[in-house]
Amino acid sequence: MFLSSISLLSFIAAATAQTITGAFDCEPAGAYTLCQNLWGASAGVGSQNSTLVSATGNTVSWMTNWTWANANNNVKSYANVQSNTAKGVQLSAITSAPTVWNWTYATQSSGIRADVSYDIWFGKASSGSPATSASSYEIMIWLSGLGGIQPVGSQITTATPVAGHTWNLWKGPNANWEVFSFVSSTGNIQNFNADLKDFFTYLVSEQGVSSSQYVQAIQTGTEPFVGAADLVIQSYSVAINT
Ligand SMILES: *[C@@H]1O[C@H](CO)[C@@H](O)[C@H](O)[C@H]1NC(C)=O
Ligand SMILES: *[C@@H]1O[C@H](CO)[C@@H](O)[C@H](O)[C@H]1NC(C)=O
Ligand SMILES: *[C@@H]1O[C@H](CO)[C@@H](O)[C@H](O)[C@H]1NC(C)=O
């Protein structure tokens with residue numbers, strides 16, 4: 001996806017200034033909830049702010065500005081939107097999970113280390129908060145990973161085709177859950193339009209995940225390590241159909 005600087009500037013100018021600045025601030029964002037989640041900030045020095053641009057129907061647009069230094073290998077935050085409705089469904093009951101995500105860096109410093117990623121949480125119960133004792137699996141989909149950063153664990157496949165793209169799959173434990181991370185093997189995917197069910201089907205058929213697991217949450221956002229950037233999410237949506 002490419003936007004001229006003029007259309008990007010007018011896009012940013014159209015933003016209704018609903019900016020959150022506190023480390024754990026959240027705000028309603030239509031069918032989603034936008035949260036700063038600066039959980040790793042104490043490892044470094046910097047700041048981050050996130051703004052809801054618009055929310056219409058099941059589509060949301062938002063942006064986040066960050067500048068972080070020190071602790072090159074530590075994630076500082078996961079500013080994200082979480083769907084209020086795409087959750088609480090058993091994998092075996094999902095007929096499709098369509099998603100569209102267009103994003104771009106309006107500005108970025110040289111040498112940023114950051115991903116742009118889905119963070120999807122599975123558990124044995126129909127509901128549970130992400131990254132808690134209720135979590136069985138964390139499924140990340142990296143549409144971008146800049147600066148040589150790596151996911152949790154180790155790489156177990158190379159250029160695996162799923163949902164119309166190819167991915168290097170990483171696997172490893174984190175606290176009481178298992179993490180699978182699909183990292184784009186072709187670089188940035190800035191105009192992603194896919195069915196998340198393809199990832200779920202692959203995990204059940206090839207990676208031993210039980211289809212009785214529930215999707216407890218679908219989040220999308222960015223994990224910055226170091227550098228400075230303005231990440232603009234022009235358009236994002238996700239749904240689960242049964
Ligand atoms: C992020 O930076 C851009 C350009 O510098 C600015 O227009 C925008 O208001 C900033 N947004 C936030 C949330 O600080
Ligand atoms: C975030 O907002 C605070 C308070 O307004 C400001 O001091 C800081 O520079 C902002 N950070 C970024 C990266 O825009
Ligand atoms: C965003 O993605 C949708 C669906 O793929 C596409 O129709 C639309 O043109 C994209 N928007 C931009 C600004 O590229």
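Start at 1 and go down the list; that is how both ligands and their atoms are numbered.
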Over all heavy atoms of both residues, which pair between [X] and [Y] is shortest? Give the atoms and the distance, please.
X    : Y    : result
W177 : Y137 : CB-N, 4.0 Å
S184 : L143 : CB-O, 4.5 Å
Q36  : Q48  : NE2-O, 3.0 Å

### Message
At less than 4.0 angstrom from any non-hydrogen atom of T67, what atoms of ligand 2 do you find?
### Response
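What qualifies from ligand 2 is 13 (C).
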### Task
Consider every N or O of N49 and every N or O of ligand 2, then say whether any pair is closer than 3.5 Å.
yes
#### Entry: Nitrogen or oxygen of Q48 less than 3.5 angstrom from that of ligand 2
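No - when backbone and side-chain N and O of Q48 are compared with those of ligand 2, no distance drops under 3.5 Å.
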### Message
side chain to side chain donor-acceptor pair (under 3.5 Å), that's the test. Do T166 and S185 meet it? Break it down for me.
### Response
CA-CA 6 Å; T166 54; S185 68; 2.6 Å; yes
